[in-house]
Amino acid sequence: MRKGYILTSAIVGLMLLLSACGGNNTKEEGNMADKQLEENSNVISEKDKEMFATGINSEENTPEVTPVENETVSETEDKEEKPIEEEKTEVTSAAEEEPAVEEIVLNNEIEERCPASYTYTRKDVKYGEFSHGTYFSKTCGMERGFSILLPDGYSEEKKYPVLYLLHGIFGNEYSFSGDSGNKIKEIIGNMAADKIIEDTILVCPNMYATSDPNQKPAFDSESCLPYDNFINDLVNDLMPYIESNYSVLTGRENTYLAGFSMGGRETIYITLMRPELFGYVCAISAAPGIVPTTDKFMTHTGQMAEDEMKFADGATEPNVFIICCGTRDSVVGTYPKSYHELLETNGSKHIWYEINGADHDNKAIQSGLYNLFKQIGYDKSLK
Ligand code: FER
């Protein structure tokens with residue numbers, strides 16, 4: 001019996017794992033990106049592949065789905081295994097139970113973990129829906145896509161702040177919207193429901209700003225250039241498009257920027273280059289390459305020299321500039337910490353924190369976004 005149970009569990013576990021990994025590939029482009037990854041790199045482990053772009057970490061995700069395995073135990077199973085039934089009831093009800101809404105004291109303290117009551121799908125909260133749009137990019141000379149999450153009840157009568165959220169390497173505009181495991185929809189909706197933030201629009205661009213439709217990302221300098229070119233597409237094409245086609249509040253107080261990994265790296269770069277545009281910023285698990293270095297993937301020529309990694313003298317700096325990373329990040333390691341140290345040495349104000357036990361994964365993404373919104377809420381409550 002035990003063998004049968006283990007085998008069934010293993011098969012179901014494998015199926016769940018595969019479907020979780022497929023979550024970020026709902027569109028053809030996502031699959032293409034994975035294919036490209038296979039073709040372009042022979043140094044990346046299977047585990048690393050899953051985590052690029054979206055922060056899906058199958059090892060971290062697996063325990064969350066294990067309770068379902070128990071449901072596959074056949075009725076002919078040995079009676080001695082009865083405790084499994086109890087476990088099942090217990091785990092299922094625990095999974096369904098809505099976490100108590102924690103009494104939120106709105107202060108500016110960083111919390112390592114996003115509380116469960118913010119990642120949870122609450123029955124009394126209506127969440128926004130993602131949709132897809134396109135804009136003409138003068139920078140790239142072509143039509144490009146973005147995903148947008150409008151709050152429930154979005155109305156032209158109101159105006160909303162906007163968060164631009166940048167994906168990881170090999171990602172695209174579907175990387176965040178295609179992964180329900182990141183709980184971004186829930187975090188933004190729950191924090192707005194609790195009045196920590198205003199109803200906020202989320203825009204997820206395609207960060208690969210190339211003018212050659214055949215160019216694809218890879219771990220070499222030339223293939224990474226389009227990521228560094230995204231600053232031009234964002235500022236000159238996407239932001240003006242969003243601002244004239246959606247009901248948004250403009251100006252740095254209402255324009256936020258965040259990104260994960262490669263998106264975190266570009267978040268820091270864009271913030272240092274154009275600090276007057278973004279009032280609230282968070283770079284999560286930022287990838288190497290802002291300054292020259294060689295890591296396990298490639299040699300980076302760097303976007304700037306180490307002593308240039310700072311805000312220009314007299315620049316308007318963001319009200320909040322967070323840099324964070326998991327303590328167990330297996331992809332970018334201590335690069336985010338080195339960015340913090342460089343900024344500190346160069347006298348550029350920011351908040352640095354580590355997420356204990358988090359890898360290059362959704363836990364880090366949830367923590368970064370939660371803390372960004374909390375800091376926004378606190379900062380705006382003082383005004
Ligand atoms: C690198 C290490 C990590 C790199 C990019 C990454 C371009 C990005 C990882 C991700 O986006 O998940 O050396 O070089």
Side-chain angles (χ1 to χ4, degrees), residues 21 23-25 29-30 33-34 36-61 165-176 178-179 181-182 204-210 215-231 257-270 282-304 323-326 328-339 355 358-369:
C21 296
N24 60 336
N25 287 328
E29 260 184 88
D34 268 8
Q36 197 59 39
L37 175 57
E38 273 165 34
E39 282 163 16
N40 284 330
S41 175
N42 49 16
V43 294
I44 310 155
S45 74
E46 287 300 316
K47 186 168 158 261
D48 282 348
K49 283 184 195 175
E50 285 167 26
M51 292 195 284
F52 286 122
T54 56
I56 294 176
N57 179 346
S58 61
E59 267 181 21
E60 299 263 343
N61 285 349
L165 180 61
L166 314 184
H167 60 74
I169 195 164
F170 305 111
N172 56 37
E173 71 265 36
Y174 299 107
S175 296
F176 290 113
D179 172 21
N182 57 41
C204 302
N206 176 347
M207 209 178 56
Y208 202 61
T210 177
Q215 190 181 13
K216 298 284 177 263
F219 285 110
D220 64 72
S221 296
E222 205 188 322
S223 308
C224 283
L225 285 176
Y227 289 120
D228 299 340
N229 188 35
F230 178 67
I231 184 170
L257 183 63
F260 172 66
S261 200
M262 198 61 178
R265 158 176 147 177
E266 297 307 328
T267 293
I268 296 175
Y269 177 66
I270 295 168
C282 181
I284 305 160
S285 319
I290 299 178
V291 295
T293 188
T294 299
D295 73 341
K296 61 181 169 178
F297 297 107
M298 63 179 277
T299 291
H300 299 268
T301 50
Q303 296 161 296
M304 58 187 77
I323 297 178
C324 61
C325 190
R328 288 177 44 207
D329 195 305
S330 53
V331 177
V332 301
T334 53
Y335 278 101
K337 190 174 188 192
S338 72
Y339 291 147
I355 307 130
D359 198 340
H360 201 65
D361 58 18
N362 275 330
K363 285 215 170 62
I365 293 177
Q366 289 166 5
S367 168
L369 292 181

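Order of appearance sets the numbers: ligands from 1, and atoms from 1 within every ligand.
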Between Phe219 and Phe170, ring centroids under 6.0 Å: yes
With heavy atoms under 4.0 Å as the rule, classify the contact between Lys296 and ligand 1 as side chain, backbone, both or neither. neither
Which atoms of ligand 1 are found less than 4.0 Å from any heavy atom of His360? 10 (C), 12 (O)
Which part of Tyr227 is near ligand 1, with near meaning a heavy atom under 4.0 Å away: side chain, backbone, both or neither? neither
Show me which atoms of ligand 1 lie under 4.0 Å from any heavy atom of Gly168. 11 (O)
Under 3.5 Å, is there a donor-acceptor pair between the side chain of Asp359 and the main chain of Ser330? yes
If you count the atoms of ligand 1 from 1 in the order shown, which ones are under 4.0 Å from a heavy atom of Met262? 5 (C), 7 (C), 10 (C), 11 (O)
Counting distance only, does the side-chain N/O of Thr267 pair as donor-acceptor with the main-chain N or O of Gly263 below 3.5 Å? yes
How long is the gap from CD1 on Ile169 to OH on Tyr208, to the nearest 0.5 Å? 8.5 Å
Looking at ligand 1, is there an atom of it that comes within less than 4.0 Å of some heavy atom belonging to His167? no
If you apply the rule ring pair (Phe, Tyr, Trp, His ring centres under 6.0 Å), what do you find for His167 with Tyr174, and how did you get there? CA-CA 9 Å; His167 60 74; Tyr174 299 107; over 10 Å; no
Ignoring angles and geometry beyond distance, decide whether Arg265 reaches within less than 3.5 Å of ligand 1 through its nitrogen or oxygen atoms. no
May I ask you to list the atoms of ligand 1 that are less than 4.0 angstrom from any heavy atom of Met298? 7 (C), 14 (O)
Could you tell me whether Asp228 and Arg265 make a salt bridge, using a distance below 4.0 angstrom between a side-chain N and a carboxylate O? yes
Any heavy atom of Asp295 under 4.0 Å from ligand 1? The part involved is side chain
Heavy-atom proximity to atom 7 (C) of ligand 1 ranks first, among Ala287, Cys224, Gly259, for Cys224
Between Leu166 and Ile270, does a side chain to side chain contact (heavy atoms under 4.5 Å, CB included) hold up when you go through it step by step? CA-CA 11 Å; Leu166 314 184; Ile270 295 168; 4.2 Å; yes
Is there a polar contact, in the sense of an N or O pair closer than 3.5 Å, between Phe297 and ligand 1? no
For Ala209, is there any backbone N or O sitting under 3.5 Å from a side-chain donor or acceptor partner on Asn229? yes
Using non-hydrogen atoms of the residue, decide whether Pro288 is closer than 4.0 angstrom to ligand 1. yes
